[in-house]
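First up is the structure itself, then whatever we jot down about it.
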Amino acid sequence: MARTFSVEDEERLRQLHADGVSRNEIARRMEWSVGTITNHAQRLGLSFDREAVRAATDARQVDLKDQRQRAQQRLMDFFNRQLDRAESRYLVHGWSHTGESVAEWLQQPPARETKDLTSAATQALDRALKLAQFDAGDTGRENAKGLLRTLGEAMTAASRELGVDDADEYGS
């Protein structure tokens, strides 16, 4: 059975229009097609000012950029935490042959854990740089690629220094 545009729908359309909501957003919120909203808005004498829509779109883009920058900061924080963990003391917990709990502090994580930590750090860095590239445009992409390449080389060198290549020594 087909839905009909009710008096309640007209009121909601008027209210959303008065709130400055765009035609596409009204259609999404009310679950009607854009064409249906356009037709009923015209019938009700409502128009959608392109300049207001453009201003709303620009404001939305600013909000999204802010969200990307916050996500980028969180990813960089995660990156730094993982590197700190890869370079710090590490508590190994296990069981003795008699079934007793045994714990020992190592000066750094075993090779496998170091590899996992540096891999997680590298992935976070990669995602943060992709967010930065998106906002920087083409010029920023080239700069970010160079930065990522340099950091990748540094991560590889650091993992070698920490003994990640010596995984057999730790039984991994």
One pair to check against side chain to side chain contact (heavy atoms under 4.5 Å, CB included): Arg3 and Glu31. What are the steps and the verdict? CA-CA 11 Å; Arg3 279 186 356 182; Glu31 298 178 349; 4.3 Å; yes
If two hydrophobic side chains count as joined below 4.5 Å and joins carry through other members, does [X] share a cluster with [Y]?
| X | Y | result |
| --- | --- | --- |
| Val21 | Val34 | no |
| Leu83 | Leu125 | yes |
| Leu64 | Leu131 | no |
| Leu129 | Met76 | yes |
| Ile37 | Leu46 | yes |

Kindly give the heavy-atom pair with the smallest separation between [X] and [Y], and that separation in Å.
| X | Y | value |
| --- | --- | --- |
| Ala41 | Phe48 | CB-CE1, 3.6 Å |
| Ala120 | Phe78 | O-CE2, 3.8 Å |
| Leu91 | Ala103 | CD1-CB, 3.9 Å |
| Ala121 | Phe79 | O-CD1, 3.0 Å |
| Pro109 | Ser88 | CD-O, 3.4 Å |

Could you walk me through whether Glu25 and Arg29 pass the salt bridge (charged side-chain N to carboxylate O under 4.0 Å, His left out) test, one step at a time? CA-CA 6 Å; Glu25 181 62 17; Arg29 289 185 191 181; 3.0 Å; yes
Tell me every residue that passes salt bridge (Lys or Arg N to Asp or Glu O under 4.0 Å) with Glu11, counting only those two or more places apart in sequence or in another chain.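 Salt bridge (Lys or Arg N to Asp or Glu O under 4.0 Å) check on Glu11 returns Arg14.
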Of all residues at least two apart in sequence or in a different chain, which pass the salt bridge (Lys or Arg N to Asp or Glu O under 4.0 Å) check with Arg74?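 Scan of Arg74 (salt bridge (Lys or Arg N to Asp or Glu O under 4.0 Å), adjacent residues dropped) gives none.
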Does the pair Glu10/Arg43 count as a salt bridge with the N-to-O cut at 4.0 Å?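 A salt bridge links Glu10 with Arg43.
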Is any side-chain N of the basic residue among Arg81 and Asp77 closer than 4.0 Å to the acidic one's carboxylate O?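 Salt bridge: no.
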What distance separates [X] [atom1] from [Y] [atom2], expressed to the nearest 0.5 Å?
| X | Y | atom1 | atom2 | value |
| --- | --- | --- | --- | --- |
| Lys130 | Leu75 | NZ | CG | 12.0 Å |
| Thr4 | Asp9 | OG1 | CG | 7.5 Å |
| Leu13 | Arg23 | CG | CZ | 11.5 Å |
| Ser47 | His17 | OG | NE2 | 5.0 Å |
| Gln107 | Arg89 | CD | CZ | 6.0 Å |
| Arg112 | Lys115 | CZ | NZ | 5.5 Å |

Residues Leu16, Met30; criterion side chain to side chain contact (heavy atoms under 4.5 Å, CB included); working and verdict: CA-CA 10 Å; Leu16 291 169; Met30 293 182 64; 3.9 Å; yes
Under a plain distance cut-off of 3.5 Å, with no hydrogens placed, do Thr36 and Asn39 share a side-chain donor-acceptor pair?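 Side-chain D/A pair, Asn39 to Thr36: absent.
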Do you see a donor-acceptor pair shorter than 3.5 Å between the side chains of Ser119 and Thr122?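 The answer is no; no qualifying pair exists.
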Is the gap between the ring centers of Trp32 and Phe5 under 6.0 Å?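 When the ring centroids of Trp32 and Phe5 are compared, they turn out to be within the sub-6.0 Å range.
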Below 6.0 angstrom between ring centroids: does that apply to Trp95 and His93?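 Aromatic pair counts; centres sit under 6.0 Å.
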Pick from Arg68, Gln72, Gln69: which one makes a side chain to side chain donor-acceptor pair (under 3.5 Å) with Asp135?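 So, applying the side chain to side chain donor-acceptor pair (under 3.5 Å) to Asp135 and each of Arg68, Gln72, Gln69, only Arg68 qualifies.
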